[in-house]
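Here's the structure, in C-alpha cells; my notes come after.
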Amino acid sequence: MAEISAKLVKELRDQTGAGMMECKRALVETNGDLEAAKRLLREKGKAAAGKRADRETTEGLVGYRVADDASRGTLVAVGCESEQVSKTDEFQAFARKVLEAVQAGGVEAAESLEHERLELSGQLHENVAVVGAARFEAVDGGRVSVGLRGADPELARQLAMHISWSNPRWIGRDDVPEQAVTDEREILASTDEVKSKPEQAREKIVEGMLSKRFFGVFVLEDQEWIHDSSKKVGDVLRDAGAEVLEFERFALAG
C-alpha cells in the first residue's frame, strides 16, 4: 500500500473541500490515487446528499438580477439547513452560479448544476436545494419587477414589497380555479357562523365572507394595499393605468 503523505491529503482537501480524515480514508481506499480519491469523495458526497434530501432548507439566499432597462429579470432561491452554512463562501458562490445559469439559460439551466449541488451538500454536510427559479422578459412596454405593465419604477417597487409581505396566490379573481372557489363556498356555508343565520340570508352572507376571507386574502387585486390600507391593490393599479402580468414569490422559511 502506498504511503499517504500529509501533503497529498492536503492537496485532496484543497481540491474537494472534504474533511482531512475523509480525504485520508479516500486516499487509503484508492491506494494514493488522487483522481480516484476525488471520484470516491464525489460518490460519497452524492450518497450523503441523498440521505439529506428530506431535510428542510429554511435558510439560504434569494437572489435577483434586473437589467438596467428593466427589460429582463432573474430570481432564484437556494436553500440550506442553517444560517451558518448560508454565510459560507462555498454556499454563496453556488447560489451566484445558479443565478447566473438561470439568467443565461432559463429555469431549466439550474438542472445542469445538479452534480455540483450534490457535491456541495456532501462537502457542507447539509441539504442544499434550489428552492425556486424564474426568468422574466418584459412585454409591451412593461418593466420587470413583478411582470408589471404600464407602471413607473416606484409603483413596481412598492408592488414587489406588497407581494413579498402579503403572499397572494393569484393576480385576479378570474385566475382562481373554479373548483377552489366552489370548495371554499361550501366550507363557509357549512360553518356554524352561517348556519345560525336565517336561511334566506345565508347565500348573501357566504358571498360576503368569500369576498373578504378568501379573495381578500389570496387574490392580489383584492388585497388591502400595504402602503395605504384604505385602498385595494386593484384600485391602485387602475388609478395608475397598470396591469400585473405575472409574479413569482420564493420563500425559504415561509
Side-chain angles (χ1 to χ4, degrees), residues 56-67 70-81 83 86 91-92 94-103 105-111 113 117 127-139 142-177 179-181 184 212-229 231-238 240 242-254:
E56 292 187 356
T57 53
T58 56
E59 298 290 341
L61 296 171
V62 175
Y64 71 93
R65 285 185 183 172
V66 177
S71 63
R72 299 179 306 279
T74 307
L75 179 67
V76 301
V78 182
C80 59
E81 297 175 46
E83 182 180 3
S86 73
F91 180 84
Q92 294 191 8
F94 177 70
R96 285 193 296 271
K97 185 171 287 189
V98 174
L99 180 62
E100 291 166 358
V102 174
Q103 181 183 36
V107 174
E108 296 77 10
E111 297 177 3
L113 299 174
R117 181 190 72 80
N127 187 19
V128 174
V130 179
V131 177
R135 191 176 70 168
F136 304 95
E137 298 283 342
V139 295
R143 297 185 61 85
V144 170
S145 177
V146 286
L148 188 65
R149 175 166 58 194
D152 60 42
E154 178 58 19
L155 177 57
R157 185 187 69 82
Q158 290 180 339
L159 190 59
M161 291 173 60
H162 175 96
I163 290 172
S164 176
W165 175 264
S166 298
N167 192 19
R169 294 183 186 174
W170 303 284
I171 296 174
R173 293 193 182 193
D174 290 343
D175 301 310
V176 184
Q179 190 59 51
V181 177
E184 186 66 20
K212 184 176 182 179
R213 301 182 188 181
F214 183 71
F215 294 129
V217 172
F218 299 115
V219 175
L220 176 63
E221 292 177 354
D222 280 71
Q223 290 180 334
E224 289 185 357
W225 184 232
I226 65 168
H227 306 284
D228 182 352
S229 60
K231 298 179 180 179
K232 302 288 187 183
V233 174
D235 298 329
V236 174
L237 294 172
R238 282 188 289 275
E243 177 186 8
V244 176
L245 302 178
E246 61 180 332
F247 69 85
E248 289 280 357
R249 178 185 183 274
F250 297 140
L252 294 171

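Quick note: numbers below take in every heavy atom, side chains included, and nothing from hydrogens, waters or symmetry partners.
- A donor-acceptor contact shorter than 3.5 Å is absent between the side chain of Ser164 and the backbone of Met161.
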**Item:** Test log, rule side-chain contact (heavy atoms from CB on, under 4.5 Å), inputs Val128 and Phe94
**Value:** CA-CA 10 Å; Val128 174; Phe94 177 70; 4.0 Å; yes

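- A pairwise comparison of heavy atoms in Ala101 and Leu113 identifies CB-CD1, 4.1 Å as the closest pair.
- A donor-acceptor pair under 3.5 Å is absent between the side-chain atoms of His162 and the main chain of Val233, judged by distance alone.
- A distance of 8.5 Å separates CG in Asn167 from CZ in Phe218, rounded to the nearest 0.5 Å.
- Atom SG of Cys80 sits about 9.0 Å away from atom CG of Asn127, to the nearest 0.5 Å.
- Arg238 has a carboxylate O that lies under 4.0 Å from a charged side-chain N of Asp235, or vice versa, which qualifies the two as a salt bridge.
- Within the 4.5 Å cutoff, no side-chain heavy atoms of Glu243 are placed close to those of Leu237.
- Residues meeting the salt bridge (Lys or Arg N to Asp or Glu O under 4.0 Å) test with Arg96, sequence neighbours left out: none.
- Here the side chain of Asp222 pairs no donor or acceptor atom with the backbone of Val219 at under 3.5 angstrom.
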**Prompt:** Stepwise, does the side-chain contact (heavy atoms from CB on, under 4.5 Å) test hold for Gln158 with Trp225?
**Reply:** CA-CA 10 Å; Gln158 290 180 339; Trp225 184 232; 3.6 Å; yes

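- In terms of modelled atom types and a separation under 3.5 Å, the side chain of Arg135 and the main chain of Gln103 share a donor-acceptor contact.
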**Request:** With side-chain contact (heavy atoms from CB on, under 4.5 Å) as the test, would you mind laying out the steps for Val62 and Val76 before giving the verdict?
**Result:** CA-CA 6 Å; Val62 175; Val76 301; over 6 Å; no

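- In this structure, the side chain of Gln223 engages the main chain of Val217 through a donor-acceptor pair within 3.5 Å.
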**Request:** Go through Glu81 and Thr58 one step at a time and tell me if the side-chain contact (heavy atoms from CB on, under 4.5 Å) criterion holds.
**Result:** CA-CA 6 Å; Glu81 297 175 46; Thr58 56; over 6 Å; no

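- Around OH of Tyr64, the count of heavy atoms belonging to other residues, nucleotides or ligands within 6.0 Å does not exceed 12.
- With sequence neighbours excluded, the residues satisfying salt bridge (Lys or Arg N to Asp or Glu O under 4.0 Å) with Lys97 are Glu116.
- Between the CD atom in Glu100 and the OG1 atom in Thr74 there is a gap of 10.5 Å [rounded to 0.5 Å].
- Phe247 places none of its side-chain heavy atoms less than 4.5 Å from the side chain of Leu159.
- Scanning all heavy atoms of the two residues, the minimum distance from Leu155 to Ala242 falls at CD2-CB, 4.2 Å.
- Between Val181 and Phe215, the closest side-chain pair of non-hydrogen atoms falls below 4.5 Å.
- Between Arg213 and Glu184 there is no salt bridge, since no side-chain nitrogen of the basic residue lies less than 4.0 Å from a carboxylate oxygen of the acidic one.
- At least one side-chain heavy atom of Ile163 sits under 4.5 Å from a side-chain heavy atom of Leu220.
- Summarising the geometry of Val102 relative to Ala110, their closest heavy-atom pair is CG2-CB, 4.1 Å, with the distance given to 0.1 Å.
- Summarising the geometry, atom CG belonging to Asp174 is positioned 8.5 Å from atom CD belonging to Glu221; distances are rounded to the nearest 0.5 Å.
- Taking every heavy atom of both residues into account, Pro177 and Trp170 meet most closely at CD-NE1, 3.5 Å.
- In this structure, OG on Ser166 lies 9.0 Å from CD on Glu224, to the nearest 0.5 angstrom.
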